[in-house]
Participant: 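To start, I am sharing the structure in question, which I have written as C-alpha cells.
Only this structure's heavy atoms are used, side chains among them; waters, hydrogens and symmetry mates stay out.
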Amino acid sequence: MIFAKIENMKLKLVNYRILFYSFLALLFGIYVARGLYSGEVLTIVTVSLIFFGLTISLILSKHYKILISLVLIFLAGNGLFFLSQSGFSCPQYSQSVVVSGKVCDNIKESDYYSNVVLKNVLINGKKSKNISLSISNSSSSVKAGQVLSFECELENVKLFTLKRLNSFYVRQNIGYSSSVKYENLVITDGHKDVDEKVREAVKNSLYSKMSEENAGIAYGMLFGDKTEIDLVSRSLFQTTGIVHILTVSGLHISFLIAVFYSLLKKIGLNKYINFFLTSVLILFYLYLCSFSPSALRAGIMGILFMLSNVVGRKYDILNSLGFAGIIICLINPLYALDLGFLMSVFCVFGINLISPVFTKYLAKVVPFKIASLLAISFSAQIAVVPMLGIFGSTFNLFSFLVNLILVPFFAVLFPFLFVSSFLCNGLGFLNFLLVPASWGIEFVKMVVKFFSVTDFMFTLGELGLLASVFLYGFMFFISPYFMAEGIKKYSFISVAILCFSSSYFCFANIKDKQQSITVLTSYGDECLLLQDAGGENLLISYNNTFDKYARSKSINKVNYFLSLDDVSLKTYDSIKKYDFDYLFAVNGDKKIENLYLAQKNTADKVGNFQIEFITFFDDTLAVSVKFSQYSIFVANENAKDYTGFVNLYLSSFKPDFVFVKEGYTVPQSYIEKTYSYKASDNAKYNSSLGNFKIFGFDKTTKIRSID
C-alpha cells in the first residue's frame with residue numbers, strides 16, 4: 001500500500017493515494033479544530049466549502065466509503081487536537097515553588113541574561129514538564145548538564161500567541177517559564193546525555209578550525225540548530241530563499257542515504273544488513289537533531305525509500321509522505337500546527353505534484369537536468385508561500401537561481417561536512433578536513449550576499465486559510481494526479497485561480513478600518529496598538545509579540561509611536577522599520593529622528609489622537625489617549641508607587657478603558673465592568689490580555705481575544 005500504486009482505487013478524475021489523502025484529512029482536522037469550534041467565520045466557511053465540494057464529487061462518483069472514511073478521519077483529527085491541547089496544560093502555582101532541573105545544551109546568552117531550558121524538572125519534589133528559565137546578572141555562565149536548584153514563581157507558558165502555535169515550547173516540552181538571579185542558584189554537577197555530548201564534541205571541532213560565523217552556520221547545517229548563527233547571516237539566508245539548508249529535512253536525509261546506503265551497496269554488503277545499518281544511522285542522526293518534526297518526516301520517508309528497494313516494490317512518494325505524516329501526528333498532534341513541519345510536508349507535496357509540469361515546459365528551452373532543477377525549485381517555493389506569508393518573510397525573485405547554484409553544491413558540501421566533523425572527533429589528525437569545509441561555507445555566504453543585494457524582493461502577506469486551500473487546489477488540478485483532459489481540466493484550473501484571487505483580496509488584502517484597541521503581551525511585557533476609524537494607528541510601548549502581530553496583519557507602517565519609558569537608540573533601532581511619522585516620549589536621545597519630547601501633564605494632539613503624559617516629578621506614571629469617541633488610560637509600572645495621585649487623575653479624566661498591571665488597585669467606583677479575554681467573540685476590540693486588567697465604562701463594548 002505504501003509503495004505500489006493503488007490501481008483499483010482510482011477515482012474517475014483523481015489518481016487516488018489512500019494514505020496521503022487520509023493524512024491530509026487528519027492534518028486538516030487538527031489544524032482547523034481550534035478555529036472551527038471557537039466560531040471563526042473564515043475557518044467555518046473554508047471547512048464548509050471543502051466538505052461541500054468533496055461530498056458532491058464523491059457522491060456523484062459513488063464512493064460513499066471514501067467519503068465516510070475521510071469525514072471520520074477529519075473528526076478524529078479534531079479530537080486529537082483537543083486531547084493534545086489538554087495534555088499540554090500544566091498545574092498553576094500561585095506561590096513560590098522549589099525547582100530543580102538539568103540544563104539542556106540549548107543555551108542563549110546575552111550581555112545581561114542567559115536563557116536556558118531545564119529538563120528532568122522537579123517542582124516541589126514532583127516531576128513536571130521542562131522550564132524555560134531566564135538567568136539575570138550572571139557573572140559566569142551555566143553549562144549543559146549542570147543541575148540548578150532555586151526558588152521562584154512560575155508562569156504557565158501559552159500554547160498559542162496571535163493564533164499561532166508556540167512551536168519552541170511544544171518541541172521542547174516546556175510547560176513553564178520563569179526568571180531567577182544567578183546568585184540565587186544552587187548549582188551541582190550533573191551529566192550530559194549522549195546527544196548533548198556528541199553535539200558538543202562536533203561544535204568544539206567546528207569552532208577549532210573555522211571562524212565563529214562559519215562554525216555557527218556549519219552547526220546549523222548539521223543539526224538544524226540556528227541559535228549559533230548570528231542574526232545578520234540568518235537574515236541573508238532567509239531573504240535569498242536558501243534557509244532550508246539550515247533545517248534538517250529531506251535534502252539532508254537523501255544525501256546521507258546517497259552516500260552511505262549507495263556506498264554499502266556498491267561494496268556488495270547484503271541488502272538487509274545495508275538497510276539495517278543505514279536505518280540505524282538515520283535514527284541516530286534524528287536523535288542528534290532532537291527528533292524535530294521536519295527531520296522526523298524526512299527520516300521516516302528515507303527509511304521507507306530504502307525498504308522499497310529491499311522488498312522490490314515501487315516507492316510511492318505521496319503515500320510515503322502520508323504514512324510519515326500520520327505517524328508524526330499520532331506522536332504529537334500539535335505538530336500539525338508547527339510551521340516548520342507544514343513547510344516540510346508541503347514542499348514535498350509541491351515538488352511531487354507540479355515539478356513534472358514545470359519540467360515539461362522548461363525542457364523545451366533549457367537542458368533537461370537544468371529544467372528539472374529549476375522545476376523543483378519553482379515547485380518548492382510556490383508550495384511554501386502560505387507558510388512564508390505567515391512569517392511575513394521576504395520573497396526574493398532570484399531565489400530560484402540561488403537554489404539552482406547552491407543545492408547541487410550543498411549535495412557535495414553536506415556529506416563532506418558530516419563525515420569530516422564526526423571523523424575529527426575520533427581522529428584528531430583529520431582536523432584539517434574542516435578547512436576545505438569552511439571554504440565551502442565561504443562560497444555559500446558569497447553567493448547569498450551577492451543575491452541579497454537586489455530590488456527584486458517583496459514582503460509576503462498572509463494568504464489566509466481559504467486562499468491557501470485554493471492555491472493547493474490549483475496545484476492539484478494542474479498536476480498529473482488530476483486526470484481530466486482538455487476543456488474540463490482548464491475549467492477546473494480557471495475556477496481555482498478565480499477562487500484563489502477572490503479569497504485573497506477579500507480576506508488577506510483588505511485592511512480593517514474599524515477603530516480598535518489591541519493589547520499584545522509577552523510574559524510581563526505589554527504594548528497596545530490603537531487604530532481610529534480612519535485607519536491611522538498609534539503604538540504604545542513595544543515588544544517582540546508586536547512583530548508577530550504586524551507580520552500576520554501585514555502592518556508595515558505605524559503612524560505614531562508612544563513610549564512610556566525613555567527612548568534610547570536601541571529602542572529606536574527596534575521600531576524604525578515600521579516607518580513611523582512621530583515618536584513621542586518624555587525623555588529620549590535627541591539624535592533620534594522624528595523624536596518629539598512631549599510636555600509633562602499637557603495634552604498634545606497628533607492626527608486624530610490626543611495624548612497626555614501623566615508624570616510626577618521625574619517619573620512617568622501613565623498616558624491618557626483620546627481617539628474617535630473613546631478614551632483610554634494606560635498606567636506604567638511606576639504608577640503603583642503613586643496610587644493616590646493616579647486615582648485622583650482618573651476621577652477627573654473618567655476614561656472608557658483603564659489598563660493597569662496586575663496588583664494595581666483601582667477605586668471601587670471605577671469597576672463598573674471588568675473585561676477579560678474570554679469575553680464575547682463578536683467584538684470591535686481585540687485583546688490578548690496576559691496580566692493586564694481592563695476596566696470599562698461602556699456597557700455595550702466587548703473585547704475579543706486574538707490569542
Participant: Kindly indicate whether the side chain of Thr240, heavy atoms from C-beta on, has any atom under 4.5 Å from the side chain of Phe398.
Facilitator: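 A side-chain contact under 4.5 Å is absent here.
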Participant: Within a 6.0 Å radius of atom CD on Gln610, are there more than 12 heavy atoms belonging to other residues, nucleotides or ligands?
Facilitator: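 Yes, the 6.0 Å shell around CD holds more than 12 heavy atoms from other groups.
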Participant: Output the distance between atom CG (Leu154) and atom CG (Leu133), rounded to the nearest 0.5 Å.
Facilitator: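 The distance works out to 9.5 Å.
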Participant: Set out, in order, the CA-CA distance, both residues' side-chain angles and the distance that settles side-chain contact (heavy atoms from CB on, under 4.5 Å) for Arg171 and Tyr335, then state yes or no.
Facilitator: CA-CA 8 Å; Arg171 293 185 183 189; Tyr335 283 158; 4.2 Å; yes
Participant: Mind listing the closest non-hydrogen atom pair of Leu465 and Leu42 along with its distance?
Facilitator: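 What the structure gives for the nearest pair is N-CD2, 4.3 Å.
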Participant: Taking the side chain as every heavy atom from C-beta outward, state whether Val444 and Ile245 have any pair of such atoms under 4.5 Å apart.
Facilitator: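 The answer is yes, as the side chains (C-beta and beyond) meet within the 4.5 Å cut-off.
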Participant: Does the Asn130 side chain pair with the main chain of Gln172, one donor and one acceptor, at a distance under 3.5 Å?
Facilitator: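 Checked: pair present.
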Participant: Report the residue from Leu583, Val606, Ile540 that forms a side-chain contact (heavy atoms from CB on, under 4.5 Å) with Leu562.
Facilitator: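 One option only clears the test, and that one is Ile540.
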Participant: Decide yes or no on side-chain contact (heavy atoms from CB on, under 4.5 Å) for Phe237 and Ile229, but give the supporting numbers first.
Facilitator: CA-CA 11 Å; Phe237 277 82; Ile229 305 174; 5.7 Å; no
Participant: What I'd like to find out is whether the side chain of Phe160 reaches to under 4.5 Å of the side chain of Gln85, using heavy atoms alone.
Facilitator: yes
Participant: Compare every heavy atom of Ser631 with every heavy atom of Lys626, then report the nearest pair and how far apart it is.
Facilitator: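 So the two residues come closest at CG-CB, 3.8 Å.
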Participant: Can you classify the ring geometry of Tyr472 versus Phe346 as parallel (below 30°), tilted (30 to 60°) or perpendicular (above 60°)?
Facilitator: parallel
Participant: For residues Phe168 and Val157, determine if any side-chain heavy atom of one lies less than 4.5 Å from a side-chain heavy atom of the other.
Facilitator: no
Participant: Parallel, tilted or perpendicular for Tyr578 and Phe546, by the 30°/60° rule?
Facilitator: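 Perpendicular, since the angle between the ring planes exceeds 60°.
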Participant: Out of curiosity, Glu536 CD to Tyr560 OH, how far, rounded to the nearest 0.5 Å?
Facilitator: 3.5 Å
Participant: Would you confirm whether Asn156, through its side chain, and Cys90, through its main-chain N or O, come within 3.5 Å as a donor-acceptor pair?
Facilitator: yes
Participant: Can you classify the ring geometry of Phe580 versus Phe561 as parallel (below 30°), tilted (30 to 60°) or perpendicular (above 60°)?
Facilitator: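 Phe580 and Phe561: tilted rings.
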Participant: Report yes or no: does Lys226 contribute a side-chain atom to a donor-acceptor pair with the main-chain N or O of Gly220 at less than 3.5 Å?
Facilitator: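 Checking the backbone N and O of Gly220 against the side chain of Lys226, no donor-acceptor pair under 3.5 Å is found.
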Participant: Taking Asn537's backbone N and O only, do any of them form a donor-acceptor pair with Asn559's side chain (distance below 3.5 Å, no angle check)?
Facilitator: yes
Participant: Counting only heavy atoms not in Lys445 (residues, nucleotides, ligands), do more than 12 fall under 6.0 Å from its NZ?
Facilitator: yes
Participant: Would you say the side chain of Val448 lies within less than 4.5 Å of the side chain of Met446, judging by non-hydrogen atoms?
Facilitator: no
Participant: Kindly compute the distance separating CZ (Phe88) from CD1 (Ile174), expressed to the nearest 0.5 Å.
Facilitator: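 Going from the CZ atom of Phe88 to the CD1 atom of Ile174 covers 8.0 Å.
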Participant: Does Asn166 use its side chain to pair, donor to acceptor, with the backbone of Tyr169 at less than 3.5 Å?
Facilitator: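 Side chain of Asn166 to backbone of Tyr169, a donor-acceptor pair under 3.5 Å: no, none is there.
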Participant: Once rounded to the nearest 0.5 Å, what's the spacing between atom CG of Asn115 and atom OG of Ser136?
Facilitator: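 The CG atom of Asn115 sits 10.5 Å away from the OG atom of Ser136.
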Participant: With Lys108, which residues qualify under salt bridge (charged side-chain N to carboxylate O under 4.0 Å, His left out), at least two apart?
Facilitator: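 Partners of Lys108 by the salt bridge (charged side-chain N to carboxylate O under 4.0 Å, His left out) criterion come out as none, since no residue qualifies.
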Participant: Supply the atom-to-atom distance Arg34 CZ to Thr43 OG1, rounded to the nearest 0.5 angstrom.
Facilitator: 10.5 Å
Participant: Might you point out which heavy atoms bring Ile382 and Leu471 nearest each other, and give the distance in Å?
Facilitator: O-CD2, 4.0 Å
Participant: Over all heavy atoms of both residues, which pair between Leu539 and Val558 is shortest? Give the atoms and the distance, please.
Facilitator: CB-CG1, 3.8 Å
Participant: Say you draw a straight line from CD1 of Ile497 to CZ of Phe474; how long is it, rounded to the nearest 0.5 Å?
Facilitator: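 Ile497 atom CD1 to Phe474 atom CZ measures 4.5 Å (nearest 0.5 Å).
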Participant: Would you sort out whether Leu339 and Leu165 count as a side-chain contact (heavy atoms from CB on, under 4.5 Å), showing the intermediate values?
Facilitator: CA-CA 8 Å; Leu339 289 178; Leu165 181 75; over 6 Å; no
Participant: Kindly indicate whether the side chain of Val625, heavy atoms from C-beta on, has any atom under 4.5 Å from the side chain of Val634.
Facilitator: no
Participant: I want to check something: taking the side chain as every heavy atom from C-beta on, are Val32 and Thr46 in contact at a cut-off of under 4.5 Å?
Facilitator: no
Participant: Examine distances only and state if a side-chain atom of Ser178 and a backbone atom of Glu153 form a donor-acceptor pair shorter than 3.5 Å.
Facilitator: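 Present.
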Participant: For the residue pair Ser377 and Asn403, what are the closest heavy atoms and their distance?
Facilitator: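 Minimum heavy-atom contact is OG-CB, 3.5 Å.
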Participant: How close do Ile614 and Ser624 get, counting heavy atoms only, and between which atoms?
Facilitator: CD1-N, 3.6 Å
Participant: Do the non-hydrogen side-chain atoms of Phe627 and Asn608 ever get within less than 4.5 Å of each other?
Facilitator: no
Participant: Determine whether Val142 and Tyr182 satisfy the following criterion, side-chain contact (heavy atoms from CB on, under 4.5 Å), listing intermediate values before the conclusion.
Facilitator: CA-CA 9 Å; Val142 295; Tyr182 182 81; 4.0 Å; yes
